[in-house]
Amino acid sequence: MNNFFDGEGEENCLVCNEKSCAAAVLSDNQLNTLNNNSRETDIRKGETILKAGALTSHIVYLKTGFVKEHVEGPGQKSKILQIIKKQSYLGLPSLFGARINHYSYTALQDLKVCFIDINVFLEFIKDRGSFAFEVLSYVSRESLNKDFHLINQGHKRMYGRFADVLLYLSEEIFGTTAFDLLLTRQELAELAGMSRENTARALSHFREEGILNINGKNIEILKMDLLKRISKNG
DNA sequence: CCATTAATTTAGT
DNA sequence: ACTAAATTAATGG
């Protein structure tokens, strides 16, 4: 209980075995600085980690688990921009811009994150080229990838869009042809940019065609070649 | 602590 | 929009 007031935990950045590519290039000295200016926390499924519109005081490192990056549209409407895998940073798109977060990040399962003081993060970027290089390459890769998906979504019809989302989840997020959706049907719709009804329709259509095997939240892609063809033809 | 029921959320049409 | 099913919270022993 000695740690209750000063918040000192057992975690230490120097011996962290879930380090980011960027943190891996830091010196022991810098890792110490990181350790003194960051804090690991458990986040529960459904909790919002960063909220769009709030002040950016921290950059968040996703140590384990999956997170959705989303924006709240007008009314109940929400748009999921991407799913983020472990060992990446949340909030980087807002690192330089204004003082506010542009996107919200919500946990799709129980997971661990580290809150890092944004000023310390910025110091590392200024002081260490290789750290900045890792961060920059991550940010630009993400940005291009997001654009790519949004552009595709813009000029494809329902089944093409939905095929895209399935391929995205399978190839880029989970890396397998069978996976447990961490998303509800509603969220799947928000990711695909279609209505909940059309999402359900597309799911059952693909199942009838023998392209998918659906068992609750578990989805297995049976005919990958056909799915790719549908994606390609829009 | 476990079991039952009530309430909220999710899925499918 | 509506109904059924499932998941989560509350209650009582």
Side-chain angles (χ1 to χ4, degrees), chain A residues 1 4 40-54 60 62-86 90 101 103-113 115 146 149-150 152-154 156-224 226-231 233-234:
Chain A
M1 286 302 145
F4 184 75
E40 180 175 326
T41 339
D42 290 320
I43 303 284
R44 306 213 37 178
K45 177 181 177 180
E47 274 190 80
T48 298
I49 303 164
L50 293 177
K51 196 162 166 52
V60 176
L62 178 58
K63 196 173 178 185
T64 64
F66 292 93
V67 161
K68 65 171 175 177
E69 180 182 74
H70 56 112
V71 282
E72 309 305 330
Q76 299 284 331
K77 302 266 184 246
S78 162
K79 169 78 188 153
I80 298 180
L81 297 165
Q82 62 170 340
I83 308 299
I84 299 179
K85 295 185 284 190
K86 69 175 181 175
L90 315 179
N101 294 320
Y103 303 131
S104 293
Y105 298 87
T106 303
L108 295 175
Q109 58 190 168
D110 292 358
L111 47 83
K112 290 182 189 300
V113 297
F115 281 82
K146 250 187 289 190
H149 285 294
L150 283 175
N152 277 344
Q153 212 171 85
K156 277 186 189 177
R157 280 164 300 110
M158 185 170 122
Y159 292 129
R161 280 186 189 198
F162 195 64
D164 274 359
V165 168
L166 289 171
L167 291 170
Y168 166 70
L169 292 172
S170 166
E171 294 179 338
E172 297 181 45
I173 303 303
F174 297 110
T176 55
T177 55
F179 47 87
D180 277 320
L181 260 189
L182 298 168
L183 306 169
T184 63
R185 305 292 143 120
Q186 170 76 57
E187 290 172 315
L188 193 57
E190 288 167 7
L191 180 61
M194 15 197 271
S195 70
R196 212 165 50 77
E197 289 87 339
N198 278 338
T199 303
R201 226 162 267 151
L203 274 173
S204 42
H205 178 252
F206 282 177
R207 181 180 45 203
E208 282 160 21
E209 299 282 312
I211 299 168
L212 297 179
N213 200 350
I214 302 168
N215 205 331
K217 292 208 168 181
N218 187 270
I219 290 188
E220 185 184 359
I221 298 174
L222 300 172
K223 294 182 180 170
M224 187 57 95
L226 187 50
L227 197 60
K228 282 183 176 164
R229 209 152 61 233
I230 294 169
S231 159
N233 297 334

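All chains are named by letter (A, B, ...) in the order of the sequence lines, taking the proteins before the strands, and each is independently numbered beginning at 1.
Within the 4.5 Å cutoff, side-chain heavy atoms of A:Leu188 are placed close to those of A:Phe162. The shortest distance between side-chain heavy atoms of A:Gln153 and A:Asp164 does not fall below 4.5 Å.
Between the side chain of A:Asn101 and the backbone N or O of A:Gly53, no donor-acceptor pair lies under 3.5 Å.
One atom, CD of A:Glu208, and another, C1' of B:dG12, lie 13 Å apart when rounded to the nearest Å. Whole-Å rounding puts the A:Asp180 CG to B:dT10 C1' distance at 16 Å. Rounded to an integer number of Å, the gap from CD of A:Glu197 to C1' of C:dA1 is 9 Å. Here C:dT8 presents its P atom at 11 Å from CG of A:Asp110, a figure rounded to the nearest Å. Computed from coordinates, the A:Lys217 NZ to B:dT9 P distance equals 14 Å when rounded to whole Å. At whole-Å resolution of the value, CG in A:Leu212 and P in B:dG12 are 12 Å apart. Here the P atom of nucleotide B:dT9 and the CG atom of A:Leu183 are 18 Å apart, to the nearest Å. Between A:Met194 atom CE and B:dG12 atom P the separation is 13 Å, expressed in whole Å.
Taking a 6.0 Å sphere around NZ of A:Lys79, one finds it holds more than 12 heavy atoms contributed by other residues, nucleotides or ligands. Counted within 6.0 Å of NZ on A:Lys51, heavy atoms from surrounding residues, nucleotides or ligands total 12 or fewer; the atom is thus considered open.
Nucleic acid contact for A:Lys45: none, since no nucleic acid atom lies under 4.0 Å from a heavy atom of the residue. Base contact: A:Arg196 has a heavy atom under 4.0 Å from a base atom.
Taking a 4.0 Å limit (strictly below) on heavy-atom distances, residues 184-193 of chain A does not reach DNA chain C anywhere.
Rounded to the nearest 0.5 angstrom, A:Leu203 CG and A:Leu166 CG are separated by 7.0 Å.
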